[in-house]
Amino acid sequence: MTHPLTPGVAAGRLTTEEIEANFADLHPPLDQHEAHVAADRCYFCHDAPCITACPTDIDIPLFIRQISTGQPEAAARTILEQNILGGMCARVCPTETLCEQACVREMAEGKPVEIGRLQRFATDAMMTRQGHPFVRAAATGKHVAVVGAGPAGLACAHRLAMKGHKVTIYEAKEKPGGLNEYGLAAYKTTDDFAAREVDWLLGIGGIEIAYGRVLGGDLSLDALREGHDAVFLGIGLGAVNALEMPGDAEAANAVDFIAALRQAGDLRALPVGRNVVVIGGGMTAVDAAVQARLLGAENVTLAYRRGRDRMGASKFEQDLAASKGVRIISNVMPVALEDGTMVLEYTADVDGRLQGTGERIELPADQVLRAIGQMLVPLGDLGLERGKIAVAGAGRSGIAGVWAGGDCTPGEDLTVVAVAEGRDAAEDIHAALMQA
C-alpha cells in the first residue's frame, strides 16, 4: 500500500479524508456576523491609502460601509464596477502586500481590516442571490477579438460587451479562466469557483468563446486584424524557462504540476515524490511546494538563488509554506540533477552579480519542479520590452488596432493587475472605435 514513506513518485500517499482536509479553503468565508464585526473595524478614511494600494482602484471604504449597513449586494457592485473578477481577487490577491498592508489599522496595530475576506463576502452574496448586475449598452456594430480567456482577456471582454460591442474570445485551452483555472493553488480557489465566476461574467451577453484557437497556430494576428475592428492580446506567457544544467530534462514544470492538480477529479490519484525539490522563489514555486506537501510528500524543499528578502512570494506565502512543512533554502542555485540527487551551490552577491561560492549541498530528489519564470512565445512584428509585448498608455501595442495586457506585457504578474489592464484597454478601445 502506498504511504508517505513509499520511495519514488507515487499516487495515493494520503487518505481521502486527509486530502480533503489539506485542500480545504485557505481563507474560509465570513458569515454575516463575522463580516459586520470585521467591517466595524474600518475607519472609513477620507483619503484611504487602501484605495491607492489597489491596482483596480476599488473604493474600499465605501464597500465596507455598505457591508456594515447591511447592503452586501451594493458593496459587490462597488467592487465589480472596478474589478469584474473581484470574487477571485478576494481569494488570491496578495492583500497582505497591497490594500491590507496600506491599511491604517495595520500601521497602528499590526492588524489590518480584513479587506480581502470582506470583498469575498460581498461578491459571494451577489453571485448567490442576484443575477448579473450590469446591462449591455445598445449594440455598436463593432466586433472585437480578444485572444486569451485569462483575467486580462475576460476583464477586457466584459467591459467591451458592456459598451455594446460584440466580442469573440479566442482561447487555446478547452476551458476559460487562464491562470485562475489552471495556475493557482487548489486551496485558494475551491468548489470550482474559477469556472463559476466565468459563467457568471458571461451573463452580460455579447461574448462568444472559441476554444482550441492558438495565436501563431491556426490564428494569425493579421487575420484577426482583418476580421475585427480591434484586437486585444491577453495571451499570458506560454514558455517556461529552463534550468540550463545537466539533468534539466528530468525536471518538470511547476506550472504543469499545478495545472494537472487543478484539473484532477481525484487528488489521491496524482503521483508525487517522497522527496520533492522546487526551484524558484515566486508564488508559483510556493504553490507547487505547498501542494506537493499536501499530497503527501515527506520532504519538500524550496530552493531559491537569492536571499529570502528577494523572493517574489510574499512573507505571508513564505510563512504559509513553512507552516505546511516546506523547507526553504535561500542563496542556492541548481547545478545538476543526477541519479535522484539535486546538487545545489551556495551563492553570493559580488558587485551586484550573483556568483557561486563553490560550496555545494546535495538533496535526495525523486521529483524536481522548476518554477523560475515563464517567457513570451515570439509573435513576429510585435515590439518587445524586457521580453514582453511593449505597450504604451492603456495597452496600445506598436501595431495599429492591437492592444495587449496581463502577464504578456511588462509589469507585475498579478491577477488584479491583469484585470486592471484588461479593463483600461477596453475603455481605450471603446474610445478609439467610437471616434472611427
Side-chain angles (χ1 to χ4, degrees), residues 3-5 13-14 18-28 91-98 100-101 106 110-112 114 116-117 183-190 251-255 257-258 261-262 267 270 272-334 342-347 349 354 359 361-373 413-415:
H3 53 78
L5 301 183
R13 292 186 179 276
L14 301 179
E18 288 171 321
I19 288 287
E20 288 178 353
N22 284 351
F23 285 90
D25 210 329
L26 179 62
H27 300 296
R91 289 161 165 81
V92 304
C93 259
T95 55
E96 65 277 0
T97 61
L98 296 172
E100 292 180 11
Q101 184 179 65
E106 167 65 21
K111 184 179 179 182
E114 293 184 277
R117 296 182 77 192
L184 299 172
Y187 52 79
K188 294 178 179 177
T189 170
T190 59
N253 294 330
V255 290
F257 173 78
I258 294 170
L261 193 151
R262 282 293 304 276
L267 294 181
L270 283 176
V272 68
R274 177 180 177 181
N275 298 295
V276 179
V277 178
V278 180
I279 308 295
M283 301 286 280
T284 298
V286 169
D287 283 356
V290 170
Q291 291 186 114
R293 274 288 293 163
L294 299 183
L295 286 173
E298 181 188 13
N299 300 301
V300 178
T301 302
L302 191 155
Y304 178 58
R305 60 183 181 151
R306 298 188 185 275
R308 288 185 65 160
D309 61 320
R310 300 285 297 276
M311 288 178 67
S314 67
K315 185 178 184 302
F316 171 83
E317 292 288 335
Q318 294 178 43
D319 290 346
L320 173 67
S323 73
K324 300 299 183 182
V326 174
R327 177 190 182 195
I328 299 177
I329 304 178
S330 56
N331 297 111
V332 291
M333 65 182 183
M342 185 74 237
V343 182
L344 302 166
E345 182 175 354
Y346 281 100
T347 62
D349 195 322
L354 199 67
E359 181 182 1
I361 58 172
E362 297 183 355
L363 301 174
D366 309 308
Q367 188 175 28
V368 174
L369 302 173
R370 64 171 84 83
I372 57 172
D413 295 343
L414 295 175
T415 297

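Quick note: numbers below take in every heavy atom, side chains included, and nothing from hydrogens, waters or symmetry partners. Keep in mind that what you see is a predicted model, and the values were worked out from it rather than measured.
Side-chain atoms of Asn275 never come within 3.5 Å of backbone atoms of Asp366 as a donor-acceptor pair (strictly under, hydrogens ignored). A donor-acceptor pair under 3.5 Å links the side-chain atoms of Glu100 to the main chain of Gly116, judged by distance alone. Remark: the backbone N or O of Glu298 is paired with a side-chain donor or acceptor of Arg293 at under 3.5 angstrom. Counting only distance, with no hydrogens or angles, the side chain of Arg274 and the backbone of Leu5 share a donor-acceptor pair below 3.5 Å.
The shortest side-chain heavy-atom distance between Asn299 and Leu363 does not fall under the 4.5 Å cut-off. Taking the side chain as every heavy atom from C-beta outward, Leu302 and Met311 approach each other to under 4.5 Å. Considering only heavy atoms from C-beta on, Leu270 stays 4.5 Å or farther from Phe257 through its side chain.
Side chains of Asn253 and Arg370: a donor on one and an acceptor on the other come within 3.5 Å.
Note that CE of Met342 and CD1 of Ile279 are 4.5 Å apart. Values are rounded to the nearest 0.5 Å. Interatomic distance, Asp25 CG to Lys188 NZ, rounded to the nearest 0.5 Å: 12.0 Å. The OG1 atom of Thr347 sits 9.0 Å away from atom CZ of Arg305, with the distance rounded to the nearest 0.5 Å. Once rounded to the nearest 0.5 Å, the distance linking CD of Glu96 with CG of Leu320 reads 10.0 Å. Atom CG of residue Leu295 and atom CD of residue Glu18 lie 12.0 Å apart, to the nearest 0.5 angstrom. From Tyr187, atom OH reaches atom CG of Asp287 across 4.5 Å, with rounding to the nearest 0.5 Å.
Of all heavy-atom pairs between Gly273 and Ala297, the closest is O-CB, 3.2 Å. The two residues Ile258 and Leu184 have their closest heavy-atom pair at CG2-O, 3.8 Å. Here the closest non-hydrogen pair linking Arg13 and Val272 is NE-O, 2.9 Å. Looking at every heavy atom in both residues, Ala321 comes nearest to Val286 through CB-CG1, 4.2 Å. Shown here for Ala24 and Thr190, the closest heavy-atom pair between the two residues is C-CG2, 4.3 Å. A pairwise comparison of heavy atoms in Leu261 and Ala186 identifies CD2-CB, 3.6 Å as the closest pair.
Annotation for Arg306: atom CZ counts as buried by contact number, over 12 foreign heavy atoms lying within 6.0 Å. Annotation: Arg310, atom CZ; neighbour count of heavy atoms from other residues, nucleotides and ligands within 6.0 Å does not exceed 12.
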side-chain contact (heavy atoms from CB on, under 4.5 Å) assessment of Phe23 paired with Leu294: CA-CA 7 Å; Phe23 285 90; Leu294 299 183; 3.6 Å; yes
Test side-chain contact (heavy atoms from CB on, under 4.5 Å) applied to Thr189 and Arg262, step by step: CA-CA 10 Å; Thr189 170; Arg262 282 293 304 276; 3.3 Å; yes
